[in-house]
Amino acid sequence: MSTIWRSIDMQSYQMNNLKALLADTLCEKSEGYVMKQLFSRYTTLPELLDVDEHELLSIKGVGKSKARQIISALQLARVLNAPTQQVYTIRSPKDAAVLMMPELAYLQREHFVVLFLNTKNRVIGKETIAIGSLDSAIVHPREVYKAAVKRSSAAIIAVHNHPSGDPTPSREDIALTERLVNAGEIMGVQLLDHLIIANENYCSMKERGLM
């Protein structure tokens, strides 16, 4: 089966699961009016996960309370399959990508997230440092390492998404990585990697030799 078809099948599977979750949360029938309207307007996972309260209120039968229920369920769905951080150890770039992909893969704005690790590379925390536009998020090393020192981190992994679906690092991504590496050497907190998540794909700056 080609990569394209695997991707389509996966999204179809995720949409069906999400439909069942929402129907159960809202005490609605899967084929009821509200569910049909919701899934006919937002036909892809990125569109659905990015929906806001104002858009939901335009659907007949959806008031403020139900709109908030839907948004809460979508937020839950985004992280539902993420491995627990309490015992999660990062041994490779893929480990970090697997941890963060459920949360970042289909967002339509850039989110810059930092994973905080102890001396054994176990995840001891996570924080979204910046949320940007469709193609950028302004990040300052000061904010990254302030959060790391606060948690007594031995090392960090930076992760951000590319809503375009292309994980190729931009010049800005490479420049930011260099600044983070330099700041980390001064602060005594090592930057282990900088990952870019794009749909079901990822790029590791470490593996690319860009840090």
Criterion side-chain contact (heavy atoms from CB on, under 4.5 Å) on E110 and N161, from CA distance to verdict: CA-CA 6 Å; E110 278 203 7; N161 63 306; 4.3 Å; yes

Side chains of [X] and [Y]: does their closest heavy-atom pair fall under 4.5 Å?
X: Y145; Y: I156; result: yes
X: K126; Y: V113; result: yes
X: N121; Y: R91; result: no
X: Q37; Y: V34; result: no
X: K29; Y: M35; result: no
X: V139; Y: H160; result: no
X: L117; Y: V123; result: yes
X: N199; Y: Y106; result: yes

Look up atom [atom1] in [X] and atom [atom2] in [Y], then write down how far apart they are to the nearest 0.5 Å.
X: D95; Y: L115; atom1: CG; atom2: CG; value: 11.0 Å
X: R68; Y: L57; atom1: CZ; atom2: CG; value: 8.5 Å
X: I157; Y: K206; atom1: CD1; atom2: NZ; value: 10.5 Å
X: I90; Y: L99; atom1: CD1; atom2: CG; value: 5.5 Å
X: H111; Y: T128; atom1: NE2; atom2: OG1; value: 6.0 Å
X: L176; Y: M205; atom1: CG; atom2: CE; value: 8.0 Å

Test: E53 and K64 ion pair at under 4.0 Å: no

Decide, yes or no, whether a salt bridge links E127 with R151 under the criterion of side-chain N to carboxylate O below 4.0 Å. yes

For the residue pair [X] and [Y], what are the closest heavy atoms and their distance?
X: H162; Y: D173; answer: NE2-OD2, 3.0 Å
X: V62; Y: A67; answer: CG1-N, 3.8 Å
X: A148; Y: V189; answer: CB-CG1, 4.2 Å
X: P169; Y: I174; answer: CB-CG1, 4.1 Å
X: L195; Y: P93; answer: CD1-O, 3.6 Å
X: P167; Y: N201; answer: CG-CB, 4.2 Å

Candidate pair Y202 and L104, rule side-chain contact (heavy atoms from CB on, under 4.5 Å), full reasoning: CA-CA 11 Å; Y202 75 92; L104 296 178; over 6 Å; no

What is the ring orientation for H194 with F112, classed by angle as parallel under 30°, tilted 30 to 60°, or perpendicular over 60°? perpendicular

Run the numbers on S58 and R41 for side-chain contact (heavy atoms from CB on, under 4.5 Å), then give the verdict. CA-CA 11 Å; S58 68; R41 292 189 186 196; 2.8 Å; yes

Do L210 and T177 pass the side-chain contact (heavy atoms from CB on, under 4.5 Å) test, and can you show the C-alpha distance, the side-chain angles, and the key distance before you say yes or no? CA-CA 8 Å; L210 297 174; T177 302; 5.9 Å; no

Could you walk me through whether K36 and E28 pass the salt bridge (charged side-chain N to carboxylate O under 4.0 Å, His left out) check? CA-CA 11 Å; K36 281 186 175 180; E28 295 272 351; over 6 Å; no

Do any N or O atoms from the side chain of [X] and from the backbone of [Y] form a donor-acceptor pair under 3.5 angstrom?
X: H140; Y: R142; value: yes
X: D24; Y: A20; value: no
X: E55; Y: D52; value: yes

Residue pair T168, D166: steps toward the side chain to side chain donor-acceptor pair (under 3.5 Å) verdict: CA-CA 6 Å; T168 303; D166 181 0; 2.7 Å; yes

With a sphere of 6.0 Å drawn around CD of Q69, does it hold more than 12 non-hydrogen atoms of other residues, nucleotides or ligands? yes

